[in-house]
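Atoms within a ligand are numbered from 1 in the order they appear, just like the ligands themselves.
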Amino acid sequence: MNTDQREVRVRFAPSPTGPLHIGGVRTALYNYLFARKYGGQMLLRIEDTDQNRFVPGAEDYIIESLNWLGITIDEGPVNGGPHAPYRQSERSEIYRKEAERLVAEGKAYYAFDTAEELEAMRKRMEEANAPAAQYNAITRLQMKNSLTLSAGEVQERIASGAPYVIRLKVPRKEDVRLNDLIRGWVVVHSSQIDDKVLIKSDGLPTYHLANIVDDHLMGITHVIRGEEWLPSAPLHVLLYRFLGWESTMPQFAHLPLLLKPDGNGKLSKRDADLGGFPVFPLQWKDPFTQAVARGFREDGYLPEALVNFLAFLGWNPGTEQELFTMDELIQAFSLEQIHKAGARFDIQKAKWFNHEYLRRQPNDRLAEAVVRQAAADGVDCPVEKAEKITGLMKERVTFAHELYAESAIFFRAPESYDPAVVSGKWNDEAVRALTAFRDALASAEDPLTAEAAKTVLATSLAEAGIKQGKIMQALRLAITGVGAGPDLMITLEIIGRQETIDRLQLALDKLAVGSSPS
Ligand code: GLU
């Protein structure tokens, strides 16, 4: 692809207004993959110029989320860089200077209208059935600004400390074009764009101005961001032109929306709550309300799995391969393979990825959690046992915490027996078989391996003249209480010889043939 000969530099530019939404995480990931693929730089810029929406802790949350997922940043508020500071609240002077330059060049103007005056204008426009109720090339001439007031009056107002904003003087009739790398050509008539505020009455820049000034000064070559910013892009193109930076304007790539699980409309926090899944990477405690929102990390997702899942939300490698490490994603990623259509957020797919990554994890790493959880439960579980349980169970669960939760049979004899299996499989033959197996185990060696258990079972059944296939479910029932589960011989190895004998005895005592189970 054309990377316009400059070193690729991309940025993730979140506003710290709360926890980072999963859509924002995907944006960060795509920027990262793109930067790494082309050997470029990935910046983190904190867009915190809207003081009313600032939420304490949000910036740390963003940084922790990126760290957790392995999205490394080359320049940003933590590691600094040649364009520091990377927090917009620390760069106000830079934006003001550019805005004043635009005013001096006649491309922007001061506006002094009060909230009431703006409201009155909106009403007038509405009554006149004007297509757009906004501050524009026509209405600006009816308002109080440096285009309608005399220079002296403007000076006086500013000197007296009257509140004012700086607005962009959007041309009246002109097509604004941009060639989005994903969407293709986007053409908007300038009459559709209002005279956007660049500097607010609190002296701070709006998102639009700060974003463009920083992208320019920080040498950004590609702006990869969510589709919700597409409507702002023509305004941004105008700003580049007015600021005289058109020749180095970044290329734009607007990512498809994340859709609700059923594909109808944009994914919201409410959908996630209803569906019982998170939309935030990490758990978030709201500093104002103390309300806690769940996170993928705390729900038990592995970072590799979430990365792989997110990569596929809007992008496809064009092959059958689904499992990708970060390095493989970097190799395979391209903006050309990003879809235009929204991406359905299918949490079942996220679970599938987690399962796939979990079963590939080494047993010793997962076993630690089993030992810890067992201890918290007051159950002693030696590491060796935890590793065996892990090896057996990781194929059967989605999350690491389920390893212990699903492992009760390795620690306790069944408290009840599935009545359906009892009535179908518990019969005289089963009783004879299990009695023979119990007796044979009494003289077997410790520790009982799965292999040994298999041999003892085969020999004792052969002696009793019973076919193994006919009693296997009854044996499983006696050991686990249910008719299906993980490999039975390994289960016997894990619980040990004596416990196997005890459980067989317990079942033989409790389950009388032909009676209802207790
Ligand atoms: N601060 C904007 C946001 O929160 C950045 C948008 C952009 O990438 O231009 O999404």
Side-chain angles (χ1 to χ4, degrees), residues 8-35 40-55 57-63 65-66 71 73 75-77 83 85-92 94-95 178 180-183 186 196-198 200 204-240 243 245 249-258 266-269 279-281 284 310 314 335 338:
V8 165
R9 287 174 63 81
V10 294
R11 83 304 195 270
F12 178 50
S15 300
T17 54
L20 186 57
H21 188 272
I22 202 71
V25 181
R26 184 196 57 173
T27 299
L29 175 65
Y30 283 18
N31 273 284
Y32 172 79
L33 296 176
F34 185 75
Q41 304 291 307
M42 164 82 172
L43 282 69
L44 174 65
R45 185 172 72 226
I46 301 295
E47 302 210 325
D48 56 350
T49 58
D50 191 348
Q51 288 180 318
N52 300 324
R53 296 183 62 215
F54 178 80
V55 175
E59 181 182 321
D60 289 344
Y61 178 97
I62 290 164
I63 291 166
S65 301
L66 299 180
I71 299 175
I73 301 296
E75 296 173 27
H83 300 285
Y86 291 89
R87 226 175 258 119
Q88 290 188 328
S89 58
E90 295 163 22
R91 301 170 62 83
S92 315
I94 300 175
Y95 314 121
L178 73 121
D180 186 273
L181 293 170
I182 296 166
R183 315 252 127 199
V186 178
K196 281 276 179 318
V197 171
L198 302 179
K200 297 173 286 180
L204 293 176
T206 54
Y207 152 73
H208 302 291
L209 177 69
N211 187 272
I212 272 40
V213 169
D214 283 347
D215 280 352
H216 171 73
L217 294 179
M218 297 179 179
I220 299 303
T221 56
H222 296 79
V223 167
I224 304 169
R225 62 184 175 189
E227 187 179 282
E228 65 274 25
W229 298 103
L230 188 60
S232 301
L235 170 75
H236 296 173
V237 171
L238 267 185
L239 268 167
Y240 277 105
L243 287 160
W245 300 333
M249 184 172 85
Q251 289 186 274
F252 291 97
H254 287 91
L255 305 177
L257 284 180
L258 295 188
K266 209 171 137 181
L267 176 74
S268 69
K269 164 105 172 36
V279 281
F280 302 122
W284 166 257
L310 289 178
L335 292 178
I338 292 177

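- A 4.5 Å side-chain heavy-atom check between F252 and L178 finds at least one atom pair inside the cut-off.
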For this session: Starting from the C-alpha separation in whole Å, work towards a yes-or-no answer on side-chain hydrogen bond (donor to acceptor under 3.5 Å, both in side chains) for D214 and Y86.
Result: CA-CA 9 Å; D214 283 347; Y86 291 89; over 6 Å; no
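- Heavy atoms of T27 found under 4.0 angstrom from ligand 1: none, in either backbone or side chain.
- Against a heavy-atom cut-off of under 4.0 Å, N211 is close to the following atoms of ligand 1: 7 (C), 9 (O).
- Considering both main-chain and side-chain atoms, V223 never comes within under 3.5 Å of ligand 1 through any nitrogen or oxygen pair.
- R183 has a carboxylate O that lies under 4.0 Å from a charged side-chain N of E227, or vice versa, which qualifies the two as a salt bridge.
- Residue-ligand proximity, E47 to ligand 1, at heavy-atom distances under 4.0 Å covers atoms 1 (N), 2 (C), 5 (C).
- For atom 5 (C) of ligand 1, the closest non-hydrogen atom of the protein is A13 O, 3.1 Å.
- Protein heavy atom at the shortest distance from atom 8 (O) of ligand 1 is R11 NH1, 2.7 Å.
- A 4.5 Å side-chain heavy-atom check between Q88 and I46 finds every atom pair outside the cut-off.
- Between F34 and H222, the distance separating the two ring centers is shorter than 6.0 angstrom.
- Close contacts between ligand 1 and W229 involve ligand atoms 2 (C), 3 (C), 6 (C), 10 (O) [criterion: under 4.0 Å to a heavy atom].
- Shown in contact with Y207 at under 4.0 Å from a heavy atom are these atoms of ligand 1, numbered in order with element: 2 (C), 5 (C), 6 (C), 7 (C), 9 (O).
- Salt-bridge check for E59 with R87: passed, with a basic side-chain N closer than 4.0 Å to an acidic carboxylate O.
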